[in-house]
Asker: 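First, the structure itself, so that you have it in front of you.
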Amino acid sequence: MVEEESLRVVRCGGSELNFRRAVFSADSKYVFCVSGDFIKVYSTATEECVHILQGHRNLVTGIQLNPKNHLQLYSCSFDGMIKLWDYTDGILIKTFIVGCKLHALFTLDCAEDSVFVTINKEKPDVFQLVSVKLPKSSSQEVEAKELSFVLDYINQSPKCIAFGNEGEYVAAVRDFYLSVYFFKKKTTSRFTLSSSRNKKHAKNNFTCVACHPKEDCIATGHRDGKIRLWRNFDDEKKYTYTCLHWHHDLVMDLAFSVTEGSSLLSGGRESVLVEWREAAEKNKEFLPRLGATIEHISVSPAGDLFCTSHSDNKMIIIHRNLEASAVIQGLVKDRNIFTGLMIDPRTKALVLNGKPGHLQFYSLQSDKQLYNLDIIQQEYISDYGLIQIELTKAAFGCYGNWLATVEQRQEKETELELQMKLWTYNKKTQGFVLNTKVNMPHEDHITALCFCNAEKSENPTLVTTSKDGHFKVWILTDDSDIYKKAVGWTCDFVGSYHKYQATNCCFSEDGSLLAVSFEEIVTIWDSETWELKCTFCQRAGKIRHLCFGRLTCSKYLLGATENGILCCWNLLSCALEWSAKLNVRVMEPDPNSENIAAISQSSMGSDLFVFRPSEPRPLYIQKNISREEVQWGVFVPRDVPESFTSEAYQWLNRSQFYFLTKSQSLLTFSMQSPEEKLTPTSKQLLAEETLPTTPFYFILGKHRQQQQDDKLNEALENELVQLPLTENIPAISELLHTPAHVLPSASFLCSMFVNSLLLSKETKSAEEIPDDVSMEEEKESVDSDEENNFTEEVQDTNNTDLGKDIIHQLSKSEEKELRKFRKVDYSWITAP
Amino acid sequence: MGEFKVHRVRFFNYIPSGIRCVAYNNQTNRLAVSRTDGTVEIYNLSANYFQEKFFPGHESRATEALCWANGQRLFSAGLNGEIIEYDLQALNIKYAVDAFGGPIWSMAASPNGSQLLVGCEDGSVKLFQITPDKIQFERNFDRQKSRILSLSWHPAGTHIAAGSIDYISVFDVKSGSAIHKMLVDRQYMGVSKRKCIIWGVAFLSDGTVISVDSAGKVQFWDSATGTLVKNHLIANTDVQSIAISDQEDSFVVGTAEGTVFHFQLVSVTSNSSEKQWVRTKPFQHHTHDVRAVAHSPIALISGGTDTHLVIRPLMEKVEVKNYDAALRKITFPHRRLVSCAKKKQLLLFQFAHHLELWRLGSTVATGKNGDTLPLSKNADHLLHLKTKGPENIICSCISPCGSWIAYSTASRFFLYRLNYEHDNINLQRVSKMPAFLRSALQILFSEDSTKLFVASNQGSVHVIRLLEGSFKHLHTFQPQSGTVESMCLLAVSPDGNWLAASGTSAGVHVYNVKQLKLHCTVPAYNFPVTALAIAPNTNNLVIAHSDQQVFEYSIPDKQYTQWSRTIQKQGFHHLWLQRDTPITHISFHPKRPMHILLHDAYMFCIIDKSLPLPNDKTLLYNPLPPTNESDIIRRRTAHAFKISKKYKPLLFMDLLDERTLVAVERPLDDIIAQLPPPIKKKKFGT
């Protein structure tokens, strides 16, 4: 049972995967990356997230393999702790408390029981590299206060520090100089590049550094795209360097291949991974078209894989022969969001601007990008000063069958390029296919577009409003194809109102009415005849948001103006029902209920109001949900409804509310205490599979196996599975646990499987076991919120007692159908 | 109205010829440079890179190889098949020996300096014995299939490496037989080129052979096994030259793209003795092929088709920050190619094979300071005088009155009489030159054009009286007994009484022309003289040296003047001493005896002896504040050196009369425009 604590705003998914260099496990099976407060463990083969290591209370800033035990991982965080993890099981082994903010972490093979961290002592921009002695102790939490100073005045970024030649020296770069500290001699050499104001040397700044694994050679990257290979740097006079120049923009990261160091990898804004073989200018290989700026490059300890982290929140696993083998893509966040947040009705994915010119489909459940839809379909040239085509508007219609997008490019005041594209969902390819392209659908910027989503409407309808004073109605018609199979969109009606700029449009829930706002005036149109029905004008400033009420409140129309007035009109009486003073920034109706969420902006921060149009009194108010401006919000329907009994939280029962702030953090509301979240609720299933054969395993694991066998036998005998209330259905887990080759035939199992879904006669509380839900439940637990949303996510009630919370009931007919299934002969399944 | 009216002359279409070979002599710290027209120049690297000697070119003598032997002796070989030894004292060719192997492509002197090796067109490598006064053919090595383009001795003198087309041969010197033949990959960036030419080889004492070839590779070979050790692909075009340092810890290569690459031997890790060759810095100071490189202990020297000689110091080898630490680019010869007839406003330009005579334009317009005045009459090209024979002109001169022209090649001396009839010129050669006037290193007319002074290469100076259409030999100043050093600079006093002559290293001799005897010798100075002049009235001799020192010596008093002593005591401004081109001309203002006018390639300076000398704290260049400021400040900041950098590169500047200057400029862009187009390279972002 969920205890209903206060509602909190929590960060939800989409954290940066590219914040630090990724780290490979020793066997290259896993790749680790920091992601907000967590560390994610991905499988390099399948791109799947295997574990989320959670425990830090602030941003994780560095991860390194434990040099003494390659199955362990060190991590450091802004919360001042260094944690040691067993990544195969996802278990926290130890915590070392350092106390001050840790900015980067380095480990060395030869350093005895100490790691190196970057800290920031006094001034905000002065960072120091110190070594931390990790005391040996059996307790879980150990204080590590023994810091010894190594280098001062270094750069914050871990890319600017590198340890070389088995820890003989450490190289750090900042601004225009490279400093090398020799541990044995305890001396620091410093090499400065000319930084004169003249043009030639102005971009000499160091950006990153890497050390050769075998030789005394330091590679540094520079802002002008040069790579310098420094040698002989133990002599401050006789030092020398070689220049490699291919990049035309700054070098973002460098890495030497681990085993021999014979090749050097570099990457930058060109999105091309360059491999310099034998440090020769003429001998280089390229892996181009990686999609976005390369932020980090890392190399696996075995040397067989590389990993590049990109600015579009993506990691690419690359083979030694420069072939990309896997892409791990998070939420793309590096650009302005023009389209707002949308929900794809099919996949329930969050849809918003992604890479330049693309629409991204992001799964909130698995915190993973599902796919990218290339809207603009043009080569993106990443150069400053270029005016790009922007994808400004998008809308889904007809249950995800149609997608409308608008792109624009404005080089000068008078030269506007505008294009509207309509995409249809192709079931075969499971993707959107371009259907209609409309050049210059309006004379001026399109301000809004919306589909008529009424169930009864036979003809898909789209309305666009524009600053040119018109709104246009587009309908799907037969194209000029003789087979009448091709369909396309054409303009059906053009409406205007006194040459005012059309700013918003909205269809009523049943699709019978269309509301279009013309600056301060709201006009209501009949969607059958396109007749102007009535107008509302409150003279309270331009209408910024417009929406109809839903379900029982469908007679209301809501409008929020720029002057901070929220108006609610009654469509039956054509009169203002109520109005309130609220500076609304975001207004989103919940598709599953009458509720409307409005986020207002004040100098203190953003506040959330949830209300029903029928009454001016808000259902729920949450003050100060974010310090920054909230730009977009969306209600996401829940797969499994929650049942918050408290009246204030009932609005969250059917949908979850997500919102996006100006700095592009995706936030939501959670009820759960942070402590609860920290308990590892991760998959038992996976842990069991990957359990190493320890003595414990021989005792416990065998025992468990025996139990399982017994259970199976029992199940076979009875052909009926007893369902303990608080557990998942064992038959299914059994089915999933048992290796395929020891499973009985599918026909045999099928009936058992179906049986397990049915209510057993013996079970007393039949109505309490919602079987179909538990099926879903099971599915849920594989990719449910809790495990993959590493965020401070609402802890659903799933695994624990669901019986009491579920409101769905099995109807008699459903039960009958399931019984029918049982009788069906499944022997065909075994047929070859 | 400015102080001077300046004729800004840009019609001197002088093109230096491209550099073909460079040879550095470690013992004397001198650099020999040969150009494509056969000229050989000797630069003294200790004397501020002054070009102290030169041997004029010859049309048939295209030099392909240049080397020093025994520290003192300079040999060259070329496509005419001859080996030439130069006489560095008399500045002429000592002898030429035909190698009988067709054109010679390469030459190398043995490390001990006793043997000379040449590689010929017919594939033969010929060994010559260097005897004290000649070279003697010793024997042939095993003949190869194609021409030998490069040669290098093992430092012990036991083996040699010879680069040919497509392969490198290693010879045993004792037996003369090839012990290894190392085939070079013809592949170039995956494409098979027709042939791979080994442009250069270098033999290291550990047996490694480094080769550079036309496919852009620098390769390291093990000569003991004849195997390739390492390959550096550094260019898309030919790598044409290689030079290795004496310590064998660094070498330099030049490519046809104009890039010079430096390779260094660096230790792999600080605590291991293992070392590896690493390409370190590229230098792009040339626009065209770098045909020759040299490696002095402190600098990388390169030269090529674009005619510049570039000396790039290695910062880590330079101990003190003096003028050695600066990059220098030598384009123009350090001698005068222009002479001027002041009264007639004529300029005589000297080219390799002809002379041009121009009359300056004139203007009637006046203007403010800094204005460009329109010409009322354009400059006239009066005369184009071609030499006879294949030899280059060594020196030339026009008399101050403009009616005599004299020039000399390596074997003949020519004197012409010019008659002006309105716009026509009548040129008449003075025939029957005396036998002793065979070649001259410097020619000078006296101020009244009645006497001709000729410095010949035996160290003597001839004085000739000129009459209308004929001449008379007056006297010959013989060199001091024992020295055979030739005089290369002459100066005569305006009253015609004194003649100063200076050689390449010894001091300046002053002769009394009236009495025809040696008057005195200015004390010798360590650095060679770059310019000489005798002031009118006072008869002070002003001497500029290659280390940028300027002395003033009073001829009547036979001692340095007070001003000269003062400036020596105080020292010159450090920026003055850091200039890197020598002063090539000194002149005087007829009305202002305190002024000395002098110039080098990048600045023109008037030294006002009446003003205080600058110290190191004052601004040397442009000390004059804007005119609207008060006079006091100007006076306080004024010092003796008034420098103008407006005209550059300046080949010649002189005072025509009190208010008129002539400046002959040769913009580098005009030279580059006349060179063959460089290898086209894709420039990023274009």
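Letters A, B, ... mirror the listed sequences (proteins, then strands); counts begin at 1. Everything numeric here is computed off the predicted structure, so don't read it as measured data. Keep in mind that the numbers below use all heavy atoms, side chains included, and drop hydrogens, waters and symmetry copies.
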Asker: Where on E168(A) is there a heavy atom nearer than 4.5 Å to chain B: the side chain, the backbone, both, or neither?
Answerer: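 Side chain of E168(A) only, per the 4.5 Å heavy-atom cut-off to chain B.
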Asker: Got a sec: does the NZ of K682(B) have more than 12 other heavy atoms crowding it under 6.0 Å?
Answerer: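 Enclosed.
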Asker: Taking side chain as C-beta onward, heavy atoms only, is K282(A) less than 4.5 Å from N236(B)?
Answerer: yes
Asker: Please indicate whether K412(A) has more than 12 foreign heavy atoms, meaning atoms of other residues, nucleotides or ligands, lying under 6.0 Å from its NZ.
Answerer: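 At most 12 heavy atoms, drawn from other residues, nucleotides or ligands, come within 6.0 Å of this atom.
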Asker: Taking all atoms of both residues into account, what is the closest heavy-atom pair of T269(B) and K214(A), and its distance?
Answerer: CG2-O, 3.2 Å
Asker: Are side-chain heavy atoms of N232(A) and S267(B) found at a separation under 4.5 Å?
Answerer: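 Side-chain contact under 4.5 Å: yes.
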Asker: Check the side chains of T240(A) and Q264(B) for a donor-acceptor pair under 3.5 angstrom, ignoring hydrogens and angles.
Answerer: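 Note: Q264(B) and T240(A) side chains meet the donor-acceptor criterion.
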Asker: Using a strict 4.0 Å threshold on nitrogen-to-oxygen distance, state whether E281(A) and R279(B) make a salt bridge.
Answerer: yes
Asker: Which answer fits Q276(B), side chain, backbone, both or neither, if we ask what part of it has an atom under 4.5 Å from a heavy atom of chain A?
Answerer: side chain
Asker: Is L314(B) in contact with chain A via its backbone, its side chain, both, or neither, using a 4.5 Å heavy-atom distance?
Answerer: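 Nothing of L314(B), per the 4.5 Å heavy-atom cut-off to chain A.
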Asker: Once rounded to the nearest 0.5 Å, what's the spacing between atom NZ of K281(B) and atom CZ of R228(A)?
Answerer: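 Between atom NZ of K281(B) and atom CZ of R228(A) there are 10.0 Å.
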Asker: Which bit of V278(B) comes within less than 4.5 Å of chain A, counting heavy atoms only: side chain, backbone, both or neither?
Answerer: side chain
Asker: How many angstroms lie between atom CG of L265(B) and atom CZ of R231(A), to the nearest 0.5 angstrom?
Answerer: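 Atom-to-atom, L265(B):CG and R231(A):CZ are 11.5 Å apart.
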Asker: Considering only heavy atoms, which portion of D234(A) lies under 4.5 Å from any heavy atom of chain B: side chain, backbone, both, or neither?
Answerer: side chain
